[in-house]
Amino acid sequence: MVDLGPVVWPPAPLRTERLVLRGPEARDRAAYIDLFASSEGRTYLGGPRPRAELESAVPEVPGRRPGVFVVDHDGAMIGIVTLDRRDAERPGHVRPDAGEAELSYMLLPEAWGCGYASEACSAVLGWFADAFPSEPVVLCTQVANDRSVRVAEKLGFTEMERFEEFGAQQWFGVWSSVPRSG
């Protein structure tokens, strides 16, 4: 995540009932490659990346940058949750200066259907709300990805608009730790 400000990265691991959200480690490399090479997992994200390309391109410690949390279940990586600044040139913004924090996540298909996405994203949103009080977070997913839309709504994202991007209709929502009036 660009411009974290006064936040130390990576933060201390975040712990939930079943998961640990932590910085990437060398032991995550194989799972990271599996995640990005998964045709099922990348259905709504432009498709899988070629495994051979990933094997040569992924560093020893994959995803080592501010904003990347590894989702760890029982000592193994099952996915990632990321926070990045949304590019001002892309559609979908809630602030006039753009650059909102954007939440994204990907889990290995074998971890789907267990509630891990909601649990992991909820922990990251809690951390973000403590680190950046009152700053909104946005999430964008294809409308066709009904599972992701349901996760967003469960997390408390409010749909703001729909638009065409990457050849598909997108669902764009906002989350705020500030109570909404109305």
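One-based numbering along the sequence shown. Being a predicted model, the structure only gives us computed values, none of them experimental. The figures here come from the full heavy-atom set of this structure, side chains too, leaving out hydrogens, waters and symmetry mates.
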Taking the side chain from [X] and the backbone from [Y], do they hold a donor-acceptor pair closer than 3.5 Å?
X	Y	result
H93	D87	yes
E100	R95	yes
E119	R18	yes
R42	P48	no
D28	E25	yes
Q170	R162	no
R27	G75	yes
R29	E55	yes

V174 pairs by side chain to side chain contact (heavy atoms under 4.5 Å, CB included) with which of E161, M160, E159? M160

Partner of L83 under side chain to side chain contact (heavy atoms under 4.5 Å, CB included), chosen from L103, V68, L125: L103

Relative to each other, are the rings of W127 and F132 parallel, tilted or perpendicular (30° and 60° limits)? perpendicular

Locate the shortest heavy-atom distance separating [X] from [Y]; write the atom from each residue and the value.
X	Y	result
L155	S118	CD2-O, 3.5 Å
P24	P62	CB-O, 2.9 Å
Y105	A117	CE1-CB, 3.7 Å
A144	Y44	O-OH, 3.4 Å
G79	L107	CA-CD2, 3.8 Å
V61	A26	CG2-N, 3.8 Å

Can you find a pair of side-chain heavy atoms, one from [X] and one from [Y], that are under 4.5 Å apart?
X	Y	result
V70	Y32	no
E40	W112	yes
I80	F36	yes
Q169	F163	no
V81	S104	no
S38	P109	yes
W171	L139	yes

Between [atom1] on residue [X] and [atom2] on residue [Y], distance to nearest 0.5 Å:
X	Y	atom1	atom2	answer
C140	E102	SG	CD	6.5 Å
T82	R65	OG1	CZ	6.0 Å
K154	C121	NZ	SG	11.0 Å
T43	R147	OG1	CZ	10.5 Å
L14	L19	CG	CG	10.5 Å
D146	S148	CG	OG	9.5 Å

Pair W9 and F69, ring centroids less than 6.0 Å apart: yes

Side chain to side chain contact (heavy atoms under 4.5 Å, CB included) between R22 and V71, intermediate numbers included: CA-CA 7 Å; R22 58 173 174 76; V71 181; over 6 Å; no

Assigning hydrophobic clusters by single linkage (Ile, Leu, Val, Met, Phe, Trp, Tyr; side-chain heavy-atom cutoff under 4.5 Å), is V20 placed with V124? no

Intermediate values then yes/no, side chain to side chain contact (heavy atoms under 4.5 Å, CB included), R51 and D34: CA-CA 8 Å; R51 184 171 288 280; D34 288 346; 3.0 Å; yes

In plain terms, say whether E164 and R90 are close enough for a salt bridge, that is, a side-chain N and a carboxylate O under 4.0 Å apart. no

Look at R15 together with D72 and state whether they make a salt bridge at an N to O cut-off of under 4.0 Å. no

Stepwise side chain to side chain contact (heavy atoms under 4.5 Å, CB included) test for F157 and V138: CA-CA 8 Å; F157 282 83; V138 298; 5.5 Å; no

Between F172 and E165, is a side chain to side chain contact (heavy atoms under 4.5 Å, CB included) present by the stated rule, with each step listed? CA-CA 11 Å; F172 179 80; E165 187 181 32; over 6 Å; no

Can you confirm whether more than 12 heavy atoms, excluding those of E17, are under 6.0 Å from its CD atom? no

CZ/R64: more than 12 non-hydrogen atoms of other groups inside 6.0 Å: no

